[in-house]
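The structure appears below as structure tokens.
Hydrogens, waters and symmetry mates play no part in the numbers below; they use all other heavy atoms, side chains included. Counting convention: from 1, in listed order, for ligands and their atoms alike.
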Amino acid sequence: MKRILMLGTGGTIASQPTENGLAPQLTPQDILRHIPAISGMCHVDALQVCSIDSTNILPAHWLDMAAAIERHYDAYDGFVLCHGTDTMAYTAAALSYLVQDSPKPIVITGAQRPIDVEITDAKSNLLSSFAYAASGYAAGVTIVFDGRVIPGTRARKVRSKSFDAFTSINYPELAAIRDGRILSYIRLPHGERPRFFHALSDRVGLLKLIPGIDAEVLAFLFERNDAVIIESYGVGGIPQPGSARCLTILDAALARGKIAVLTTQVQLEGSDIGLYEVGHGFKSRPNALEAYDMTTEAVVTKLMWILGSTKAPAEVRRLFYTPIAHDLLMEDSRP
Ligand code: ASP
């Protein structure tokens, strides 16, 4: 029987009503008591890493989660991490960078409704997650939610209430799970040994452009961070002089060695910033990068991981454009 370590972090799946609304109260052991069928599927031990609403997640929590997995890696065949759904996509991406090439599965799941209410997705999500983690061919970091298996770098929460809360952005789902049966579409290659990383920078900022934006916000973000992601419109562009002072501020920041990444607010298909005049000049600037088909969640956490080990611009650029955990599709025309 496969040995799986369940890691509890809080979220709705562990929540109960309080005077002030739902808050995490249940331990992983409490949660397991709701799914007795699990004992016929795999051997499970449980560990509480933290007990928070995932709104409160910090990069330090991701380091704790990765450290718990590293500490117990050799003793288990796989890991199921229970997490709030709100920032689950960020955590899945962060763990994809902190634990690379894992031949063992690190499955992240949660629920839109607490486990101890009558109508809940918690039990089916958990049973699917354990089934996938114990299946023998799952590997690397994935989210298992509502019967979908999504690579950790590709997930996004797209529904705030319904059970089908997550989708895979610019990448196919890896498998479907129905009534505990796994329909595996893709088995991704994985490494022989995992590589664990132990540092993340928190000096990464994100600005979503709006028409008429006060460009001083961009200056403030560059002051406080080593890298700023600009979520632009469509395939990507920067408001030109006469519209907003973004370009002047951007050039001053890039000249000081700051990193800028241009991405898009559009959910699917990614950036292509050379296409329009408004984006064309961006990439000839030093330290200016493009997200292509990477999700914003992946870009944020990839930069945190890169800047945790280097600030050398050429190395930041090289690592940013190196596909990791299927976060970036390479095309011939790309760097
Ligand atoms: N606010 C909760 C959280 O992210 C929502 C959930 O888990 O569904 O922790």
Side-chain angles (χ1 to χ4, degrees), residues 6-35 46-66 68-69 79-96 98 106-130 132-133 141-150 152-169 173 177 200 202 206 267 295-298 300-301 304:
M6 174 182 174
L7 302 163
T9 69
T12 294
I13 196 165
S15 288
Q16 288 183 318
T18 71
E19 260 177 27
N20 304 310
L22 290 172
Q25 312 271 320
L26 303 179
T27 65
Q29 288 82 0
D30 295 331
I31 293 172
L32 282 172
R33 275 193 277 279
H34 287 273
I35 47 164
L47 189 73
Q48 183 105 53
V49 180
C50 55
S51 180
I52 56 171
D53 188 297
S54 77
T55 305
N56 293 325
I57 209 88
L58 297 169
H61 292 115
W62 296 330
L63 294 174
D64 288 346
M65 293 172 203
I69 293 167
F79 302 84
V80 171
L81 188 137
C82 293
H83 195 284
T85 59
D86 291 345
T87 57
M88 187 184 287
Y90 284 95
T91 294
L95 289 179
S96 302
L98 288 173
I106 299 163
V107 175
I108 305 174
T109 197
Q112 293 279 59
R113 305 267 295 133
I115 199 160
D116 60 1
V117 299
E118 196 166 335
I119 297 174
T120 179
D121 52 341
K123 294 176 192 175
S124 56
N125 283 346
L126 276 172
L127 289 168
S128 297
S129 298
F130 281 107
Y132 191 64
V141 179
T142 53
I143 284 183
V144 170
F145 210 96
D146 195 43
R148 296 178 167 81
V149 180
I150 301 168
T153 56
R154 292 292 182 173
R156 169 156 307 155
K157 185 171 181 178
V158 289
R159 288 190 178 80
S160 58
K161 297 174 185 169
S162 305
F163 289 173
D164 53 342
F166 286 88
T167 198
S168 188
I169 301 290
E173 292 168 9
I177 307 176
L200 290 170
D202 56 6
L206 169 66
Q267 182 123 298
T295 65
T296 296
E297 292 87 337
V300 167
T301 53
M304 288 178 169

Q. Can you find a pair of side-chain heavy atoms, one from L32 and one from F130, that are under 4.5 Å apart?
A.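 Yes, their side chains come closer than 4.5 Å.
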Looking only at N/O atoms, are [X] and ligand 1 under 3.5 Å apart anywhere?
X: D53; value: yes
X: H83; value: no
X: A111; value: yes

Q: Give the atoms of ligand 1, by number and element, whose distance to some non-hydrogen atom of G11 is under 4.0 Å.
A: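 Going through ligand 1 atom by atom, the ones under 4.0 Å from G11 are 7 (O), 9 (O).
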Q) Hey, which atoms in ligand 1 end up nearer than 4.0 Å to a heavy atom of Q112? A)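 It comes down to these atoms of ligand 1: 8 (O).
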Considering all heavy atoms, the nearest [X]-[Y] contact:
X: P24; Y: I52; value: CG-C, 3.4 Å
X: V107; Y: A133; value: CG2-CB, 4.0 Å
X: A111; Y: D121; value: CB-OD1, 3.3 Å
X: S15; Y: G11; value: OG-O, 2.8 Å

Could you identify the single nearest non-hydrogen protein atom to [atom] and state the distance to 0.1 Å?
atom: atom 1 (N) of ligand 1; answer: D86 OD2, 2.8 Å
atom: atom 9 (O) of ligand 1; answer: S54 N, 2.7 Å
atom: atom 5 (C) of ligand 1; answer: T12 OG1, 3.1 Å
atom: atom 8 (O) of ligand 1; answer: T85 OG1, 2.5 Å

Q: Return yes if a side-chain donor-acceptor contact under 3.5 Å exists between T18 and N20, otherwise no.
A: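 Their side chains do not contain a donor-acceptor pair, so the 3.5 Å distance test is not met.
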Q | Residues D30 and T27: side-chain donor-acceptor under 3.5 angstrom | A |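 There is such a pair between these side chains.
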